[in-house]
Amino acid sequence: MRMSRYLLNTLKEVPREAEILSHQLMLRACMIKKVAAGIYTYMPIGYRVIRKIEAIIREELDREGCIELLMPAVQPAELWQESKRWDFYGKVRFKDRKGADFCMGPTHEEVITDVVRRELKSYRQLPVNLYQIQTKFRDEIRPRYGLMRGREFIMKDAYSFDVNDTASEKSYWAMYHAYARIFHRCGLKFRAVEADSGAIGGSYTHEFHVLADTGEDTVLSCDHCEYTANIEKAECRKPEHVKPDAFFKMEKKETPRKKTVEEVAEFLGVTPDKLIKTMIFSTEDGTSIAVLVRGDHEVNVVKVKNFLGLDALELADEEMIQSATSGPSGFSGPVGLKIRILADLAVKEMVNAVTGANEKDMHWVNVNPERDFKVDEYHDFRLAEKGERCPRCEEGRYEQFKGIEVGQVFRLGKKYSESMNCSFLDENGKEKPAVMGCYGIGVGRTAAAAIEQNNDENGIIWPVNIAPYDVMLLNLDIQDDSVNEAAQELYENLQNAGMEVLYDDRDVRAGFKFKDADLIGLPIQVIVGKRGLKEGLIEVKVRRTQDRVKVSPQKAPARVEALLESLKEQEEQRR
RNA sequence: CGGGGAGUGGCGCAGUCUGGUAGCGCACCUGCCUUGGGAGCAGGGGGUCGGAGGUUCAAAUCCUCUCUCCCCGACCA
């Protein structure tokens, strides 16, 4: 493509709306244009990246035997009413001229289940895995960061249907491995992360996170074994049992205005790990529950929620704390507490601890679990932290990463097949619901994540496999016939050798072209100028390393091809 | 939805407090000059100041309402 005829206006200045790097660079490199909050046009150069990622996804899913189809963007309310989800989910709803309810599809479980239930008759038809690459619309409460969290976004979603759990699990792992291949091919450093499966049920799920400091999610990974988990899910190692020397007598002490763990610990001259932190939560129906953790630990609300099998759990407000503990907040403690008490495993090992006395300005000291208060259930209820020992192996410790969630594989079980009656006859002629799985990849978000991970002060550095073009060809002097001739010939020869070339033949100064080339970030730049041509040479520059080599125009295509190959290899091996 | 901030040529901003008929840089067009890291000079086109209403001789500026966008929190690919 000749840039003189392309639609690609770069920006020197950063539009004010862009907060994070990928968003800024996408705007500056003319990849996207905002149409409304969270709604973007993919400009030509940006759309090429999207298409590259889609192509990789298609290849890897097709390899697994998945089948592509395309479902509608607009969905009728009836399907959502059937699955009882019409009133949940932030979706854009509207009525047609007859007054019937519709919505922009935020996801497609309902539609795919409807499609499959009409077609599925026999176990002989299973397994089947159907996918689409489609535009979703979710009325996000707060869209931001460009393509990272839009309201309208391109997503690959796949749905597997199996005869039973065992078969479904097989489908799950096939997708897991396909995803790993996809993100490797995209040249991304990522982790498959065990994640919280939410309220949908006991099955497990993995999120795929691209590692980047700007990521919104926190991931803990063992530096020795394979264990990697979202911080919401990351298990804590069972605490060592230490035999205590002596149990002292429980005593009440005045702690005027000392409410936080730090204040109380300092006031009493102990370390925070000697305190039992008592957090009061309230469930959906207004019941209060106490959760105890060691003073230097934090409660993991997700763990508590899952343990209780609840959808929602909130920290109690002042009023609730009063009625549950008959004391003010900041002085809650388990001694004498009448509500249900859950405690983290680490609390079980605490000896002669400090805890709130459920009255203003008072704490107990020398409190011992079981002797001085009863715990209804001990369990892993706290947030794991970096540096802690791995729960799965003996040698490792947790490392912490920031990640961008670009994909998820999820076992749905029979949730939709039962509520929407998607069943088949098994080999005994018995009717059974299909066991489902669903699998998503955010295509635009993957592109954004790739930029977050691959950039420098000059701009984007595209991994070869998802770069909009392979090569940027720079003609530094379009007034000069010899330069023009050489550049034109290279343009043709590079393309004939199978490479995608963006040819900067614009009538602008050399410096301008260099800046643009770096900003747009194609993996290789081929630079043709008067200066080099005098010696019969042109320059080949690797964007990532800024390395330049001089070669003859004749040898350039082979050289560029070899460089692309080796870059590709390195990128696919990245961990 | 709660809290904070902003809407002035395509982009970045000044002007608003103290009303007087809109300005700067980038980008764009023309010419000259220049040509290996976003050159220089000269000339030029483009905005009615998010929208509606009001106050006033006069409103980007003051008042009322409204819309949009951005940032921080809970959701998600």
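Order of the sequence lines fixes the chain letters, A, B, ..., with proteins taken first and strands second; residue numbering starts at 1 for each chain. Small disclaimer: the values here were computed from a predicted structure and weren't measured.
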Legend entry - A:Arg16 (side chain) and B:rC71 (base): donor-acceptor pair under 3.5 Å: no
Inset, instruction - Identify whether any heavy atom of A:Gly444 sits under 4.0 Å from a base atom; if not, whether one sits that close to sugar-phosphate; answer base, sugar-phosphate or nothing. - result: nothing
Legend entry - Between B:rA77 (P) and A:Ile133 (CD1): distance, integer Å: 17 Å
Legend entry - Distance in angstrom units between A:Arg151 CZ and B:rC75 C1', rounded: 14 Å
Inset, instruction - Could you work out the separation of B:rA52 and B:rU61 based on their P atoms and round it to a whole Å? - result: 12 Å
Legend entry - Whole angstrom value for the distance that separates P of B:rC76 from NE2 of A:His209: 13 Å
Inset, instruction - Using side-chain hydrogen bond (donor to acceptor under 3.5 Å, both in side chains) as the criterion, list what pairs up with A:Glu216, not counting sequence neighbours. - result: A:Arg149
Inset, instruction - Name the nucleic acid region contacted by A:Tyr145, choosing base, sugar-phosphate or nothing; use a 4.0 angstrom heavy-atom cut-off, strictly under. - result: sugar-phosphate
Inset, instruction - Report yes if a donor N or O on one partner sits less than 3.5 Å from an acceptor N or O on the other, where the partners are the side chain of A:Asp477 and the base of B:rG36; otherwise report no. - result: no
Inset, instruction - Using a heavy-atom cut-off of under 4.0 Å over every strand shown, decide if A:Glu539 touches base, sugar-phosphate, or nothing. - result: base
Inset, instruction - Quote, to the nearest angstrom, the P distance that separates B:rG54 from B:rA60. - result: 15 Å
Legend entry - B:rU56 and B:rG45, which share atom name P, separated by this distance in whole Å: 38 Å
Legend entry - Nucleotide nearest A:Arg149 (side chain, heavy atoms from C-beta), chosen from B:rG12, B:rU35, B:rC76: B:rC76
Legend entry - Within-4.5 Å side-chain heavy-atom neighbours: A:Ile67 and A:Leu69: no
Inset, instruction - To the nearest Å, give me how far apart CG (A:Asn484) and P (B:rU35) are. - result: 17 Å
Inset, instruction - Taking only the side-chain heavy atoms of A:Gln408 (C-beta and beyond), determine which of B:rG36, B:rA77, B:rC11 contains the nearest atom. - result: B:rA77
Inset, instruction - Quick one: label A:Asp518 by what it contacts on the DNA or RNA (base, sugar-phosphate, nothing), any heavy atom closer than 4.0 Å. - result: base
Inset, instruction - Looking at every strand, decide which applies to A:Val14 at a 4.0 Å heavy-atom threshold: base, sugar-phosphate, or nothing. - result: sugar-phosphate
Legend entry - Between B:rU64 and B:rG3 - C1' atom distance, rounded Å: 24 Å
Legend entry - For atom CG of A:Asp217 and atom P of B:rA74, their distance in whole Å: 12 Å
Inset, instruction - Identify, between A:Arg531 and A:Glu19, the residue whose nearest nucleotide on RNA chain B lies closer to the 5' end. - result: A:Arg531
Inset, instruction - Would you mind reading off the distance between A:Glu13 atom CD and B:rG9 atom P, rounded to a whole angstrom? - result: 14 Å
Legend entry - A:His23 NE2 to B:rC71 C1', straight-line distance once rounded to whole Å: 13 Å
Between the protein and nucleotides 30-32 of chain B, which nitrogen or oxygen pairs are less than 3.5 angstrom apart?
none

Inset, instruction - Once you apply the 3.5 Å cut-off to both distances, tell me the Watson-Crick or G-U wobble partner of B:rC57, or none. - result: B:rG20
Legend entry - Check: B:rC69 base within 3.5 Å donor-acceptor of A:Arg144 side chain: no
Legend entry - Pairwise P distance for B:rC49 and B:rA22, with rounding to whole Å: 11 Å
Legend entry - Listed once per pair and sorted, the salt bridge (charged side-chain N to carboxylate O under 4.0 Å, His left out) pairs that draw on residues 515-532 of chain A, sequence neighbours left out: A:Asp477-A:Lys530, A:Arg506-A:Asp516, A:Asp518-A:Lys541, A:Asp518-A:Arg543
Legend entry - Counterpart residues, side-chain hydrogen bond (donor to acceptor under 3.5 Å, both in side chains), relative to A:Glu207 (two or more places apart): A:His209, A:Asn230
Inset, instruction - Could you run through nucleotides 38-44 of chain B and give me one letter per nucleotide, 5' to 3': B if any protein heavy atom sits under 4.0 Å from the base, S if only the sugar-phosphate is that close, - if neither? - result: BB-----
Inset, instruction - Can you tell me, in whole Å, how much space there is between the C1' of B:rG23 and that of B:rG53? - result: 28 Å
Legend entry - Rounded distance in Å between the P positions of B:rC13 and B:rU18: 26 Å
Legend entry - Touch class at under 4.0 angstrom, heavy-atom based, for A:Gly150 against every strand present: base
Pairs of donor and acceptor atoms involving the side chains of residues 16-29 of chain A, under 3.5 Å and at least two apart or interchain, shall be tabulated with distances.
from    : atom 1 : to       : atom 2 : distance (Å)
A:Ser22 : OG     : A:Glu452 : OE2    : 2.8
A:His23 : ND1    : A:Gly146 : N      : 3.4
A:Gln24 : NE2    : A:Ala18  : O      : 3.3
A:Gln24 : NE2    : A:Glu19  : O      : 3.4
A:Arg28 : NE     : A:Leu11  : O      : 2.9

Inset, instruction - Using a 4.0 Å heavy-atom cut-off across all strands, classify A:Lys541 as base, sugar-phosphate, or nothing. - result: base
Legend entry - 4.5 Å side-chain heavy-atom contact, A:Met3 and A:Leu8: yes
Inset, instruction - Decide yes or no for A:Lys91 and A:Trp80: does some side-chain heavy atom of the first lie under 4.5 Å from some side-chain heavy atom of the second? - result: yes
Inset, instruction - With the side chain of A:Ala36 defined as its heavy atoms from C-beta on, choose the nearest nucleotide among B:rC69, B:rC76, B:rG36. - result: B:rC69
Inset, instruction - Identify, with sequence neighbours excluded, every residue that meets side-chain hydrogen bond (donor to acceptor under 3.5 Å, both in side chains) alongside A:Glu169. - result: A:Tyr204
Inset, instruction - For A:Gly440, report the nucleic acid contact type (base, sugar-phosphate, nothing); a contact means any heavy atom under 4.0 Å. - result: nothing
Legend entry - Pair A:Glu54 + A:Lys156, salt bridge at N-O below 4.0 Å: no
Inset, instruction - Identify, with sequence neighbours excluded, every residue that meets ring pair (Phe, Tyr, Trp, His ring centres under 6.0 Å) alongside A:Phe307. - result: A:His379, A:Phe381
Inset, instruction - Mind checking the CG-CE spacing from A:Asp157 to A:Met155? Nearest 0.5 Å is all I need. - result: 5.0 Å
Legend entry - Sorted by number, the residues of residues 43-69 of chain A with heavy-atom contact under 4.0 Å to RNA chain B: none
Legend entry - Residues which pass ring pair (Phe, Tyr, Trp, His ring centres under 6.0 Å) with A:Tyr176, listed by chain and number, not counting sequence neighbours: A:Trp173, A:His206, A:Phe208
Inset, instruction - Just compare B:rG36, B:rC70, B:rA77 and give me whichever is closest to any side-chain atom of A:Glu17. - result: B:rC70
Inset, instruction - Kindly state whether the pair A:Phe514 / B:rG36 counts as stacked, where counting means centroids closer than 5.5 Å and planes tilted less than 30° apart. - result: no
Inset, instruction - Look at the side-chain N and O atoms of A:Lys136 and state whether any lies under 4.0 Å from the OP1 or OP2 oxygen of B:rC76. - result: no
Inset, instruction - Specify whether A:Tyr439 and A:Tyr179 have parallel, tilted or perpendicular ring planes, treating 30° as the upper limit for parallel and 60° as the lower limit for perpendicular. - result: perpendicular
Legend entry - Atom pair distance, as rounded to whole Å: CD in A:Glu140 and P in B:rG73: 14 Å
Legend entry - Results of salt bridge (charged side-chain N to carboxylate O under 4.0 Å, His left out) for A:Arg574 - residues two or more places apart only: none
Inset, instruction - Could I get the full list of side-chain hydrogen bond (donor to acceptor under 3.5 Å, both in side chains) partners for A:Glu60, not counting sequence neighbours? - result: A:Arg63, A:Arg181, A:Arg185
Inset, instruction - Could you check A:Phe208 against A:Leu537 and say which one's nearest nucleotide on RNA chain B is further toward the 5' end? - result: A:Leu537
Inset, instruction - Using the P atom as the reference point in each nucleotide, state the distance between B:rG50 and B:rC11 in Å, no decimals. - result: 14 Å
